[in-house]
Every structure is written in C-alpha cells, then in structure tokens.
Amino acid sequence: MSELTLLLIRLAFLAVLWFFVIAAVGVIRTDLFGSQSPAAVSPRKVPKPVKPVAKSKKGEPREMVVVGGPLQGTIIPLSEAPITIGRATDATLVVSDDYASSRHARLFPQDGQWIVEDLGSTNGTYLDRSKVTRPTPVPLGVPIRIGKTVIELRK
C-alpha cells in the first residue's frame with residue numbers, strides 16, 4: 001500500500017472518530033438542557049395553574065404540592081389534564097435538577113385516582129421508597145421523589 005493511501009485512510013478514520021465524538025456531545029447536551037440552549041432555560045420556572053375540576057369528590061386530591069427541593073411550596077391545582085414533570089421547558093412542573101430527565105414522569109387521572117408513571121428516566125421515580133416501574137396509583141400524602149424534588153397529592 002502506498003503512503004498516500006495510508007494517509008487518506010488515517011484521515012478518513014480521524015474524521016469519522018471526530019464525527020462520533022461531536023454527535024455524542026450533542027446527545028448529552030440535549031439530554032441535560034433540552035432542545036433549547038442552556039442560557040434560554042429558566043432555572044426556576046413556576047408552572048401556570050391548570051384549570052381545576054369543577055367539583056371533586058370527597059377524598060380525592062385537589063392539588064399537587066412540592067414539599068421538598070428547590071421549588072418547595074409550589075402548588076398545582078389538579079384537573080383532568082395529565083401533569084408532566086421534568087427539565088423540558090414544556091413540562092407542567094419544570095425542575096432544574098441534575099438527577100431529573102427532560103421528560104421524567106407524569107401524573108394522570110384514571111378511574112377516580114391519580115396514577116404516577118416513570119417516562120423512562122435515567123435515575124428513576126420513587127413513590128414513598130419504592131421505585132416506580134409501571135403506572136402506579138398515588139395515595140394522598142405519599143411522597144413522590146424525582147431527583148431532589150418531592151411532591152405530594154393533597155386535598
């Protein structure tokens with residue numbers, strides 16, 4: 001093999017290697033910061049209240065309260081709409097936590113109760129001290145932990 005051929009093979013290999021590295025960095029950046037640039041993501045976005053259900057039955061939760069983490073004290077009224085939790089800017093509850101995924105978990109009403117579902121997050125969603133592996137009903141006052149954020153459903 002001539003020297004020119006070896007040089008061209010080495011350059012092509014180097015170009016493919018750099019392409020892989022740049023693609024990997026892009027995927028990591030998107031996972032960490034979402035689809036927007038890091039400067040455009042608000043670190044403490046307080047969610048807009050969702051229109052509450054006109055009349056809830058006795059014993060059913062009426063609000064989701066953040067009881068731990070940087071957004072402690074945030075209250076989101078519950079309605080028929082699902083609640084998404086994560087770092088993505090379009091989530092209902094935006095958490096700026098290194099241990100939360102862009103689309104980490106969701107809460108949704110089903111048959112008169114609220115269900116928590118992990119959306120394939122890296123670090124998991126915990127109901128009380130149990131890892132959520134499938135859609136699970138959430139009792140009143142039981143903590144849901146997503147990274148450093150802890151939420152509860154309350155009347």
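Keep in mind that the numbers below use all heavy atoms, side chains included, and drop hydrogens, waters and symmetry copies. In this chain, residues are counted from 1 in sequence order.
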Among Leu127, Val132, Val150, exactly one meets side chain to side chain contact (heavy atoms under 4.5 Å, CB included) together with Arg145. Which residue is that?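 Of the listed residues Leu127, Val132, Val150, the side chain to side chain contact (heavy atoms under 4.5 Å, CB included) partner of Arg145 is Val150.
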Option passing side chain to side chain contact (heavy atoms under 4.5 Å, CB included) with Pro135 (candidates Arg106, Glu117, Gln110):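 That would be Glu117; it is the only one of Arg106, Glu117, Gln110 passing the side chain to side chain contact (heavy atoms under 4.5 Å, CB included) with Pro135.
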For a quick test of reading the model, state the closest non-hydrogen atom pair linking [X] to [Y] and the distance between them.
| X | Y | answer |
| --- | --- | --- |
| Pro109 | Ala81 | CD-O, 4.4 Å |
| Ala88 | Val94 | O-CG2, 3.4 Å |
| Asn123 | Tyr99 | ND2-O, 3.1 Å |
| Gln113 | Pro137 | OE1-CB, 3.6 Å |

Please examine the side chains of [Y] and [X], heavy atoms only from C-beta on, and report whether any two atoms are closer than 4.5 Å.
| X | Y | answer |
| --- | --- | --- |
| Ile144 | Tyr126 | no |
| Arg154 | Val67 | yes |
| Pro70 | Asp97 | no |
| Val95 | Leu71 | yes |
| Thr74 | Ile151 | no |
| Leu107 | Ile85 | yes |
| Ile146 | Leu93 | no |

Point-to-point distance, once rounded to the nearest 0.5 Å, from [atom1] of [X] to [atom2] of [Y]:
| X | Y | atom1 | atom2 | result |
| --- | --- | --- | --- | --- |
| Lys148 | Ser96 | NZ | OG | 9.5 Å |
| Phe108 | Ile83 | CZ | CD1 | 12.0 Å |
| Asp98 | Thr122 | CG | OG1 | 12.0 Å |
| Arg87 | Ser121 | CZ | OG | 11.0 Å |

Test of understanding: clusters of I, L, V, M, F, W, Y form through side-chain heavy atoms closer than 4.5 Å, transitively. Do [X] and [Y] belong to the same one?
| X | Y | answer |
| --- | --- | --- |
| Val142 | Leu153 | yes |
| Met64 | Leu119 | no |
| Phe13 | Phe20 | no |

Check Arg103 with Asp90, please: is the shortest side-chain N to carboxylate O separation under 4.0 Å?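 Yes.
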Residues two or more places apart in sequence or in another chain: which of them pass side chain to side chain donor-acceptor pair (under 3.5 Å) with Thr5?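 Result, side chain to side chain donor-acceptor pair (under 3.5 Å) vs Thr5: Ser2.
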Contacts of type side chain to side chain donor-acceptor pair (under 3.5 Å), residue Thr125, not counting sequence neighbours: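 For Thr125, the residues satisfying side chain to side chain donor-acceptor pair (under 3.5 Å) (neighbours in sequence not counted) are His104, Asp118.
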Is a donor on one side and an acceptor on the other found under 3.5 Å between the side chain of Thr84 and the backbone of Thr92?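 Yes; at least one donor-acceptor contact below 3.5 Å.
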Got more than 12 heavy atoms from elsewhere within 6.0 Å of CG, Asp128?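 More than 12 within 6.0 Å, yes.
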